[in-house]
Number of protein chains: 2
Amino acid sequence: MDHRIPDASDLGHLIRDARKAQGLTQDELAGMTGTGRRFISELENGKETSQLGKVLLVLGALGIALYALSKWK
Amino acid sequence: MDHRIPDASDLGHLIRDARKAQGLTQDELAGMTGTGRRFISELENGKETSQLGKVLLVLGALGIALYALSKWK
DNA sequence: AACAAATGTTCCCCATCGGTAACAAAACAG
DNA sequence: CTGTTTTGTTACCGATGGGGAACATTTGTT
């Protein structure tokens, strides 16, 4: 299924749902992505200042692909 | 058109292309999003540590919608 | 080639990210 | 209800994001 991501909290919810659907704890996801449990917790709660690269790492680890829809290219 | 965004540099290229297609300078885009020209420059060049919220602001200003494609929900 | 505009890059510097660890509060299982 | 697991939150702290401004470099125009 695909979800529009207008802001950080939408992404957070999506990540939380995907993680739970795969039976992972925040700790495990943090370990898989070389981040910390705190980062995952804050990300899932919609923190605006999470760093892009780490966010993409987490998405990748969860098998979530990101798409940009633009009229320009 | 839609583009897969596997990492920060892909997003950077996409943003640059969209900005140019709309005839905007980095300075103008920075102004529209309340960021700085330096932020835009680094973002377009694929900086991994750009902050999520500001990135989403820039995408919004350019009329680019983000979608997450997951098998889990 | 010459001038202008746009972008890249550096410096100064304050604010804050995020790792680890510890504790509190929730959510669950039996 | 009780013990356990998971998650939220805080403190500590080294590292760095990013704003503004100045300068260097590239790109574009004529």
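Convention: sequence-line order gives letters A, B, ...; per-chain numbering from 1. Side-chain atoms are counted along with the backbone in the values below, which use heavy atoms only and exclude waters and symmetry mates.
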| remark: Counting primed atoms, P, OP1 and OP2 as sugar-phosphate and everything else as base, the B/S/- map of nucleotides 3-13 of chain C against protein heavy atoms under 4.0 Å is ---SBBBBB--
Distance check needed: [N] [atom2] versus [X] [atom1], whole Å only.
X: B/L57; N: D/dG17; atom1: CG; atom2: P; answer: 19 Å
X: A/Q51; N: C/dG18; atom1: CD; atom2: C1'; answer: 8 Å
X: A/K54; N: C/dC17; atom1: NZ; atom2: P; answer: 12 Å
X: B/L52; N: C/dG18; atom1: CG; atom2: P; answer: 10 Å
X: A/L29; N: D/dG8; atom1: CG; atom2: P; answer: 12 Å
X: A/H13; N: D/dT7; atom1: NE2; atom2: P; answer: 15 Å

| said: Checking the side chain of A/Q22 only, and the main-chain atoms of A/L62 only, is there a donor and an acceptor separated by less than 3.5 Å? | reply: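 Indeed, once roles are kept as given, a pair shorter than 3.5 Å links the two residues.
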| So does A/R19 pair up with A/E44, basic N to acidic O under 4.0 Å? |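 A/E44 and A/R19: salt-bridged.
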| field | side chain to side chain contact (heavy atoms under 4.5 Å, CB included) against A/R4, all qualifying residues, sequence neighbours excluded | value |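 With neighbours one apart ignored, the set is A/P6, B/A65, B/Y67.
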| Closest approach of B/T33 to B/V58 (non-hydrogen atoms, all atoms of both residues) |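 Taking B/T33 first and B/V58 second, the nearest heavy atoms are CG2-CA, 3.8 Å.
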| request: State, yes or no, whether a side-chain contact exists between B/L11 and B/L59 at a heavy-atom distance under 4.5 Å. | output: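 B/L11 vs B/L59: side chains touch.
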| said: Ignoring hydrogens and geometry beyond distance, is a side-chain donor-acceptor pair present between B/T25 and B/D27 at under 3.5 Å? | reply: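 Short answer, no.
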